[in-house]
Amino acid sequence: MMVLRLFLKAPYYLYCIWKCGKKKEYSLEESYACVKKVTKAANRAGRVGIEAYGLENIPKENGFIFFPNHQGLFDVLVFLDSCPVPFSFVIKKEACNIILLKQVVAALKAIPIDREDLKQSLQVINQMTEEVKKGRNFLIFAEGTRSRRGNELLPFKGGTFKSAVKARCPIVPCALIDSFKPFDEKSIAPVKVKLIYLKPIRYEEYGGLKTNEIAEMVKGRIEAAIKTYESGGKM
């Protein structure tokens, strides 16, 4: 649906994002604005509505990391549509060759990760740490792979939190709800995807914990937020 309804504009959008990734004169803010514009157009074309809650919880100062649950390839598009501040993300290397996603990776300076290569994974963690210290914002999926269980979560991997600990930066738990539906369900019916930005966890709160304990804390807060939403509670 997204491709068909944007058939005439798709080449132009692709060129714009490609240009942001290739031309050094484009700042991250300019590249992000371009990618955000295209994302919103694609979501409208696909009849996917994004409902974002807790935008006030996004830290005012740059240099933080989003830690959401992982439901599918559409997850990053939810953030690009709703998040008002630029961020980059860590993406599995297998997804880096997907058309359009490949250009977005270049434009936003995303970092590919090889989940089968421990040494390379550690290099990614260290690279992200240094980038966050410089004031860049990142998104990483602590589950490591999409859950394939709808709104249920897989265990969070403690190693993904090493960057936050080393950078001493705010951790922003995020709850994705129904983000698996746009790409995983065989339907072109309109769909709503929800994203809840939870209150950031400051270093003072998690600095004394082990990474696996941080992982459990973040996972618990996301699960509680999803449960509250599904029970009709206030966000």
Side-chain angles (χ1 to χ4, degrees), residues 50-83 85 87-92 113 115 121-122 124-125 128-129 132 137-181 184 192-235:
I50 307 298
E51 296 180 0
Y53 304 89
L55 290 168
E56 69 279 3
N57 290 324
I58 299 174
K60 300 298 185 292
E61 294 184 6
N62 290 323
F64 57 84
I65 304 176
F66 291 123
F67 284 92
N69 52 315
H70 193 13
Q71 298 191 338
L73 288 173
F74 191 75
D75 295 351
V76 173
L77 297 183
V78 185
F79 280 87
L80 290 172
D81 187 299
S82 64
C83 186
V85 297
F87 68 91
S88 192
F89 52 92
V90 174
I91 182 173
K92 62 180 182 179
I113 188 170
R115 294 176 298 182
S121 298
L122 290 174
V124 169
I125 294 298
M128 187 166 66
T129 299
V132 171
N137 310 314
F138 268 87
L139 181 155
I140 187 169
F141 296 106
E143 287 165 289
T145 187
R146 53 181 173 169
S147 70
R148 299 182 184 274
R149 297 179 181 177
N151 292 322
E152 293 184 23
L153 277 62
L154 295 175
F156 275 27
K157 301 180 184 298
T160 57
F161 292 89
K162 289 182 178 179
S163 289
V165 173
K166 291 181 178 180
R168 299 191 173 196
C169 72
I171 288 172
V172 185
C174 302
L176 284 163
I177 302 173
D178 296 339
S179 186
F180 61 93
K181 291 184 176 181
D184 288 355
K192 288 286 186 181
V193 176
K194 279 71 68 176
L195 172 57
I196 307 169
Y197 295 91
L198 301 176
K199 290 183 179 180
I201 306 171
R202 304 289 175 178
Y203 179 75
E204 292 74 18
E205 185 177 350
Y206 71 80
L209 302 177
K210 296 179 180 178
T211 53
N212 63 320
E213 293 174 328
I214 300 172
E216 283 299 314
M217 176 172 61
V218 173
K219 178 175 179 285
R221 295 191 182 189
I222 293 173
E223 288 178 324
I226 293 175
K227 184 176 180 181
T228 298
Y229 180 87
E230 292 181 331
S231 65
K234 186 178 179 181
M235 291 298 100

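Computed over heavy atoms, backbone and side chain alike; hydrogens, waters and symmetry mates excluded.
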#### Entry: Side-chain donor or acceptor of Ser163 paired with backbone N/O of Ile125 under 3.5 Å
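Yes, because the side chain of Ser163 sits within donor-acceptor range (under 3.5 Å) of the backbone of Ile125.
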
### Task
Please check if the side chain of Asn151 supplies one atom and the backbone of Ile177 the other of a donor-acceptor pair under 3.5 Å.
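Not confirmed, Asn151 side chain does not pair with Ile177 backbone.
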
### Stepwise side chain to side chain contact (heavy atoms under 4.5 Å, CB included) check, Leu80 with Phe87
CA-CA 9 Å; Leu80 290 172; Phe87 68 91; 3.8 Å; yes

Rounded to the nearest 0.5 Å, what's the gap from [atom1] on [X] to [atom2] on [Y]? Could you check?
| X | Y | atom1 | atom2 | result |
| --- | --- | --- | --- | --- |
| Phe66 | Tyr197 | CZ | OH | 5.0 Å |
| Met128 | Ile113 | CE | CD1 | 8.0 Å |
| Ile140 | Thr160 | CD1 | OG1 | 5.5 Å |
| Ile65 | Thr129 | CD1 | OG1 | 7.0 Å |
| Lys162 | Ile214 | NZ | CD1 | 11.5 Å |
| Ser82 | Leu55 | OG | CG | 6.5 Å |

Are side-chain heavy atoms of [X] and [Y] found at a separation under 4.5 Å?
| X | Y | value |
| --- | --- | --- |
| Tyr229 | Glu51 | yes |
| Ile91 | Val76 | no |
| Phe64 | Val85 | yes |

Provide the closest heavy-atom pair for [X] versus [Y] in the form atom of the first, atom of the second, distance.
| X | Y | result |
| --- | --- | --- |
| Pro170 | Gly63 | CD-O, 3.5 Å |
| Phe156 | Pro68 | CZ-O, 4.2 Å |
| Lys219 | Leu154 | CE-O, 3.3 Å |
| Ile201 | Tyr206 | O-CE2, 3.5 Å |
| Leu198 | Arg221 | CD1-O, 3.6 Å |
| Ala167 | Val132 | CB-CG1, 3.9 Å |

### Query
Under 4.0 Å between a Lys/Arg side-chain N and an Asp/Glu carboxylate O for Asp178 and Lys194?
yes

### Message
Could you go through Val193 and Leu77, starting from their C-alpha distance and side-chain angles, then the distance that decides it, and tell me whether this counts as side chain to side chain contact (heavy atoms under 4.5 Å, CB included)?
### Response
CA-CA 10 Å; Val193 176; Leu77 297 183; over 6 Å; no

### Query
Are more than 12 heavy atoms from other residues, nucleotides or ligands located less than 6.0 Å from atom NZ of Lys157?
no

### Query
Does atom CD of Glu56 have more than 12 heavy-atom neighbours, drawn from other residues, nucleotides or ligands, at distances under 6.0 Å?
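Correct, the count exceeds 12.
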
### Query
Can you list the steps and then say if Ile222 with Phe67 is a side chain to side chain contact (heavy atoms under 4.5 Å, CB included)?
CA-CA 9 Å; Ile222 293 173; Phe67 284 92; 5.6 Å; no

### Test side chain to side chain contact (heavy atoms under 4.5 Å, CB included) applied to Leu176 and Cys174, step by step
CA-CA 7 Å; Leu176 284 163; Cys174 302; 5.9 Å; no

